[in-house]
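Right, one structure below, let's go through it.
Below, chain A is the first sequence line, B the second, and so on; all start at residue 1.
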Number of protein chains: 2
Amino acid sequence: MIMKYKTVIVDDHPIVISGIAGLLSELDNIEIVEKFESGIALLDYIEDNKVDLILMDIFLPVINGVDLCKTIKQKHPKIVIIGMSSQSERSLVMQFIQNGGNGYILKNASFDEFKECIYKAIDGEIVFSEEVKTIISQPLSEDLERIPGLSRRERDIALLLSQGKSTQEIADDLFLSFLTVQTHRRNILQKYKMKNVAELIAFLLKNNMLN
Amino acid sequence: MIMKYKTVIVDDHPIVISGIAGLLSELDNIEIVEKFESGIALLDYIEDNKVDLILMDIFLPVINGVDLCKTIKQKHPKIVIIGMSSQSERSLVMQFIQNGGNGYILKNASFDEFKECIYKAIDGEIVFSEEVKTIISQPLSEDLERIPGLSRRERDIALLLSQGKSTQEIADDLFLSFLTVQTHRRNILQKYKMKNVAELIAFLLKNNMLN
DNA sequence: TAAAAAATACACTTTATCAGGTATTGCCGT
DNA sequence: ACGGCAATACCTGATAAAGTGTATTTTTTA
């Protein structure tokens, strides 16, 4: 008798669930036992039922994929979890893996990629779809400069700058000296080698460093 | 004999295509004649083949959904086009409709919503899934301000500002007088009631008004 | 084709930013 | 316990931006 891998799909898009279900039905040692549109329902389910493999969207309402993965792995380290999303950011993928994820697939991956990744993952490998690979490998080799982060205070100030506040207004808002804010401004500009606040804000927003 | 609506699906996620195809296969007067992962392939196809209904993702590589819709409608106004995306922004939905789109569905819509929207759309209605409705109706009542766009020149200048260029540098880049650039800057700031360039850049980037 | 919008240009005043250097205090981690 | 980083603060001069007013030409569009 063949043991089938009991598989659960979690995605808040019914369309995607049905797409993946259709794909997985072609794999003969995979059995889809349940589908969920939220992580909470999944957490309940795995307490009472055996699950071998979870395919989950990273962007879920209420609880995000990274936290969900972490929570599941703490109690059920043997469950294989593969993350999915439409766009991928390097840092997000790394976070997911660091929290126990066994792989990451972009939704624009081909059917073959999906199948291959799933097979390899249940075989114990950490798997990525092609595009994810290029995304996570490129900046690591070429881009030596891992951009330094903003300190707490610097983030406060940058945020207010993006709201059009002047140095004096920021000083008032944060109960600081005008001169202190001026120093922070200068430090931020120097840190990222920016000419002025306009360029800085554009840079920070594009790199998701505000909020 | 029943005429089936010849339907094409365009999405760069194979998984989503297969999901929608599965759904539509349940509708007996819909016939899926083709599936594409890019808009270019679609444009070729409709030149030589009869198509009644197109379901397209808005975020596509190479050509975006809004432009694609516009191009198709110019030559084939009778084709019913429904847009889809994972997240929806009010302005994007409106743009899509203004360019001839017959409806907009969020991918997290239920199967029933999908079916209903498709039926209504081929019946001549402009349709939206539930979540889209709430998104486009909320800001409409409360948020009177339909933000005016940047003119071509203003966009040029805003772009250079976001790159940290000074007024003089922009003037040199665009072969304009310093004073002209100054005037444009002022006009842009006044148009959006922004205090300074930092706030402006943040605003423009958040509203996808650069590039 | 007439009106509206956009692009161009000039002058002047006030205020803010940028860039340089310097220094003290507190906290975190090794 | 010490070094390093973060946060705080001060000074000054040069430069740039912001605020206000006006005006001509070109392009778009109703």
_Rounded to whole Å, please give me the gap between CG in A/L161 and P in C/dA16._
14 Å
_Expressed as a whole number of angstroms, how long is the span from B/R155:CZ to C/dA6:C1'?_
15 Å
_Of A/D11, A/I17, A/V16, A/I15, the residue whose pairing with B/I15 passes side chain to side chain contact (heavy atoms under 4.5 Å, CB included)_ = A/V16
*Does the distance from a Lys or Arg side-chain N to an Asp or Glu carboxylate O, for B/K120 and B/D123, drop under 4.0 Å?*
no
_Please list, in numerical order, the residues of residues 193-201 of chain A that have a heavy atom closer than 4.0 Å to any atom of DNA chain C._
A/K195, A/N196, A/V197
_Near-strand residues of residues 165-176 of chain B, defined as heavy-atom separation under 4.0 angstrom from DNA chain C_ = B/L176
*Should we say atom NZ of A/K6 is surrounded by more than 12 heavy atoms from elsewhere, each under 6.0 Å from it?*
no
*Over how many whole Å does the gap from A/K191 atom NZ to C/dA19 atom P extend?*
16 Å
*asked:* I need the single residue from B/L160, B/D172, B/L174, B/T167 that forms a side chain to side chain contact (heavy atoms under 4.5 Å, CB included) with B/V181. Which is it?
replied: B/T167
*Roughly how many Å is it from CD in A/E154 to C1' in D/dA6, rounded to a whole number?*
8 Å
*salt bridge (charged side-chain N to carboxylate O under 4.0 Å, His left out) between A/D57 and A/K107: does it pass, once the steps are laid out?*
CA-CA 9 Å; A/D57 193 0; A/K107 285 184 189 167; 3.3 Å; yes
*side chain to side chain contact (heavy atoms under 4.5 Å, CB included) between A/I72 and A/L42: does it pass, once the steps are laid out?*
CA-CA 9 Å; A/I72 293 170; A/L42 170 67; 3.6 Å; yes
*Under 3.5 Å, is there a donor-acceptor pair between the A/K73 and A/N102 side chains?*
yes
*Between D/dA7, C/dT8, C/dA6, which one does the side chain of B/R153 approach most closely?*
C/dT8
*Got more than 12 heavy atoms from elsewhere within 6.0 Å of NZ, A/K191?*
yes
*CZ of B/F178 versus P of C/dC12: gap in Å, rounded?*
14 Å
*asked:* Check this for me: A/K70, atom NZ, are more than 12 non-hydrogen atoms of other residues, nucleotides or ligands nearer than 6.0 Å?
replied: no
*Kindly state whether the ring of A/Y192 and the ring of A/F203 have centres lying under 6.0 angstrom apart.*
yes
*Tell me which residues in residues 179-187 of chain A put a heavy atom below 4.0 Å from DNA chain D, sorted by number, or none.*
A/L179, A/T180, A/Q182, A/T183, A/H184, A/R186
_If you count heavy atoms of other groups shown closer than 6.0 angstrom to NZ of A/K195, is the number above 12?_
yes
